[in-house]
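Structure record follows, encoded as structure tokens.
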Protein chains: 2
Amino acid sequence: MTGDKGVAGANLGLVRSHNTALVLGLLRDAGTEGISRLELAERTGLTPQAVSKITARLRAEGFAAEAGRRASTGGKPRTVLRLVPEAGHAVGVHLDRDELRAVLVELDGAVVAERRAELDLGAGAEAVLGAVCAAVRDVVRDLPGAGGEDLAGVGSLVGAGVALPGPLDHARGVLHRVTGFPEWDGFPLRDALARRLGVPVVVDKDTNAAALGLAVGGAQEVAGRSFAYLHLGTGLGAGLVIDGGVHRGARTGAGEFGHQVIQLDGPPCECGNRGCVEALCLGAAARGELAEAARVLGVAAGNLVGLLDIDGVLLGGRTVAGAPDVYARGVAEVLAARARREGAGEDVPVRIAPRAERLVSEGAAQLLLAPLFGRGDA
Amino acid sequence: MTGDKGVAGANLGLVRSHNTALVLGLLRDAGTEGISRLELAERTGLTPQAVSKITARLRAEGFAAEAGRRASTGGKPRTVLRLVPEAGHAVGVHLDRDELRAVLVELDGAVVAERRAELDLGAGAEAVLGAVCAAVRDVVRDLPGAGGEDLAGVGSLVGAGVALPGPLDHARGVLHRVTGFPEWDGFPLRDALARRLGVPVVVDKDTNAAALGLAVGGAQEVAGRSFAYLHLGTGLGAGLVIDGGVHRGARTGAGEFGHQVIQLDGPPCECGNRGCVEALCLGAAARGELAEAARVLGVAAGNLVGLLDIDGVLLGGRTVAGAPDVYARGVAEVLAARARREGAGEDVPVRIAPRAERLVSEGAAQLLLAPLFGRGDA
DNA sequence: TGCACTTTCGCAACAGCGTTGCCAAAGTGG
DNA sequence: CCACTTTGGCAACGCTGTTGCGAAAGTGCA
């Protein structure tokens, strides 16, 4: 156990796991092309010898393998290493109000199994837990060691990530009053699932999972840097990635974007306040004024971009999916106008988030995979 | 040289400097009371033996000293260690439009010398550089080794930090068009000063320096955690501290708080946009409507608090200083109302930032001191 | 075909970190 | 005065990345 607060001391084990995760991350990012030991050394700043030791360990453990060699540049050609994707798996579960989606993801982020099911979040804890467990067991059933109730025997399974809408405590894995379902308030979802499944479980907000998924395998412009994922569906929320890690805040409350006030004493919002972006944006969208909805969203996005100086904005959610170009262009225009006024160099890119329907579930799986690769995780 | 991007590999030297900085930070936080080796071990998670080795090194180098012993609890009493403040110094310079302030700060953050001077930022680079250098040399003149042009001989001097208003590039130390003084655009202030002074120089925005100063020695509620410093003077800006480190963004543009739009199509602002907080807040203040100014500020602060889930808000600047209670209470009320609506647990505290006039210059000195103590610095 | 050269990469020895085992030092309490 | 508790240093240790060196595996020219 470390100190009660603040940063902990470092020791050799920490150095080892840090460097191993770093190398593993570079192997993943190299994809099927692979990467040589010397390139790994350059990228990490470690000596080639250190990289050799680390990769030898990873190969012995089955996480990495040699995969051919590059063309020679006058001497011995470099041996190419690549990640062995099937050496590790994680399940990602997206728990929505009326639907459940579970995916099985390999180390490289590829989805190798998927299940969908109807769900009623109001049906009570027992029913929902049962449905989640059934979906998780179903999605891993082809893995070696699967079959029993307990999934601890599935050697390659790192754990399961669960993403859902309501406010919750990521650190403790406890739900707060999920919007519209007050009976979930205080429910220890993480521990309840971990006990039933026999593997580690992590819970997080859906927007955070989506942002993490994008940080790992998102659009090229923003992957792994700092960006905001804005989700416009039945509500409006945001997931923030700062320096490659999801920013959750002390109480997992960060990303409260929809109730940002952009019109003092404006029209009332469900939350009890007035002039929230969510009310203005969704109201305009409901009236069919998509350009106005996009402009309003752009103003709020501009506030965010200015405050955090992020590298990009990604848009997603059902409402955006209905007219992606209108929203992307509308938001980009507001941001560009703002940048011009401030004399900033390059415009902040605005893109539509890829992998729409599976974004959250894949990101939920990354809640367990990302730490293996050294991505920031708080 | 490390890799071209991303995180670097860790080695033994990094472990050493990390743990040393950690211990040094705890020694500083312990103040004159001091702290025992075993307490340091508990706080860091290191073994007592490791702490003994580290503190022995620090004592040999003059950074720490034994200072009495605690009462026995039945065995050998713990020996108390404390920081030797005069073992290290840094100069902090606050460069404002019409004034220059330089302070000399010891390791514990105490100000041991101070100079003020009139200044005209528009008088040209040569005049301003000369004034800054003169102030720095003057403020360190009583340190052993001082006296010459070059300050490299002042053994305990870590360097000088310079904080100023305009947009700038913290990483490269280059100014952008300082508001109202376009001739500074592109000026490499850091390198120019470092060459003249012979010691390392760091430049940053004034709000960032202020936030860093508060993170190190600020109000108890927020010190070292996550908070926002809102500066309301001739303009409105913010400095963000996230997890103990200043968040600057990739282009040192973070903290653009004043031009957050909180009233769609509201009154025009100097920046060319409409409905910015700065225009609304300062407009209300100019009309004498302080309560309204505070409410407007509170709405914008609420947007920020919701987005980042921070632990507290600190207010500063000349306008706030004119009626501190009105602003603190007004902002707190808006935040409390918002928290009630969302059913959040505790209210976000709102306080007046201490050390008003010297806040920025002290923070500027911390730009060099903070890294010694392991505070996050990007 | 052979030789010189370049480049990769592993083995072995090494330095330096925190950790462990052990014991002297320095108190308290009966 | 002695038993006990607690602190904290010394020495040996295990582990990390690093350094020195040489084998392996290519290219290119004679």
Side-chain angles (χ1 to χ4, degrees), chain A residues 1-3 7-24 26 34-61 64-81 374, chain B residues 1-3 7-24 26-27 34-61 64-82 374:
Chain A
M1 198 64 90
T2 69
V7 199
N11 55 23
L12 278 67
L14 206 86
V15 170
R16 172 185 169 133
S17 62
H18 173 87
N19 287 341
T20 303
L22 215 60
V23 168
L24 219 42
L26 289 172
I35 186 171
S36 74
R37 289 176 179 80
L38 285 176
E39 275 180 272
L40 288 170
E42 280 171 33
R43 298 279 201 97
T44 56
L46 297 172
T47 60
Q49 193 52 241
V51 172
S52 273
K53 282 190 184 177
I54 292 167
T55 55
R57 210 163 49 219
L58 287 175
R59 284 195 298 150
E61 292 167 351
E66 297 197 338
R69 35 190 56 181
R70 288 217 200 293
S72 167
T73 59
K76 178 174 175 177
R78 303 184 171 184
T79 311
V80 173
L81 300 170
Chain B
M1 196 67 91
T2 68
V7 199
N11 55 24
L12 279 68
L14 205 88
V15 170
R16 173 186 168 133
S17 62
H18 173 88
N19 287 342
T20 303
L22 216 60
V23 168
L24 218 42
L26 289 171
L27 283 172
I35 186 170
S36 74
R37 289 176 179 80
L38 285 174
E39 275 179 272
L40 288 170
E42 281 172 31
R43 297 278 201 97
T44 56
L46 297 172
T47 61
Q49 192 53 241
V51 171
S52 273
K53 282 190 182 177
I54 293 167
T55 55
R57 211 163 46 220
L58 288 174
R59 283 195 297 151
E61 292 167 352
E66 297 197 341
R69 34 191 56 181
R70 290 217 197 293
S72 166
T73 60
K76 177 174 176 176
R78 302 184 172 185
T79 311
V80 172
L81 299 170
R82 72 172 173 78

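Just so it is clear, the model here is predicted, and its values are computed rather than measured. Residue numbering restarts at 1 for every chain, and letters A, B, ... go by the order of the sequence lines.
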For [N], take OP1 and OP2 only and decide whether either is under 4.0 Å from a side-chain N or O of [X].
X     : N      : answer
A/S52 : C/dG10 : yes
B/R78 : D/dG8  : no
B/T73 : D/dT6  : no
A/R37 : C/dG10 : yes
A/N11 : C/dC17 : no
A/S72 : D/dT27 : no
A/T79 : C/dC9  : yes

(request) Give a yes or no on whether a donor-acceptor pair under 3.5 Å exists between the nucleobase atoms of D/dT27, that is its base, and the side chain of A/K76. (result)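 Between D/dT27 and A/K76, which were checked side chain against base, a qualifying N/O pair under 3.5 Å is absent.
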(message) Using only modelled atom types and a 3.5 angstrom limit, is any donor from either the side chain of A/Q49 or the base of C/dG10 paired with an acceptor on the other?
(response)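 Answer yes: a donor N or O sits under 3.5 Å from an acceptor.
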(message) Counting only side-chain heavy atoms from C-beta out, which of D/dA12, D/dG17, D/dG26 sits nearest to A/I54?
(response)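 Shortest atom-to-atom distance from the side chain points to D/dG17.
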(request) Apply salt bridge (charged side-chain N to carboxylate O under 4.0 Å, His left out) to the pair A/E66 and A/R37, showing each step before the final yes or no. (result) CA-CA 10 Å; A/E66 297 197 338; A/R37 289 176 179 80; 3.1 Å; yes
(message) Let's go through A/R57 and A/T20 carefully: what are the C-alpha distance in whole Å and the side-chain angles of both, what is the deciding distance for side-chain hydrogen bond (donor to acceptor under 3.5 Å, both in side chains) to 0.1 Å, and is it a yes or a no?
(response) CA-CA 9 Å; A/R57 210 163 49 219; A/T20 303; 3.1 Å; yes
(message) So A/R70 and A/P77, do their side chains get closer than 4.5 Å, heavy atoms only?
(response)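 Of all side-chain heavy-atom pairs linking A/R70 with A/P77, none is under 4.5 Å.
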(request) Report the residue (B/V80 or B/L12) whose heavy-atom-nearest nucleotide on DNA chain D is the more 5′ of the two. (result)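 Nearest-nucleotide comparison on DNA chain D picks B/V80.
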(message) If you assign B/R16 and A/G75 each to the DNA chain C nucleotide with the nearest heavy atom, which residue ends up on the more 5' nucleotide?
(response)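 Its nucleotide being nearer the 5' end, the pick is A/G75.
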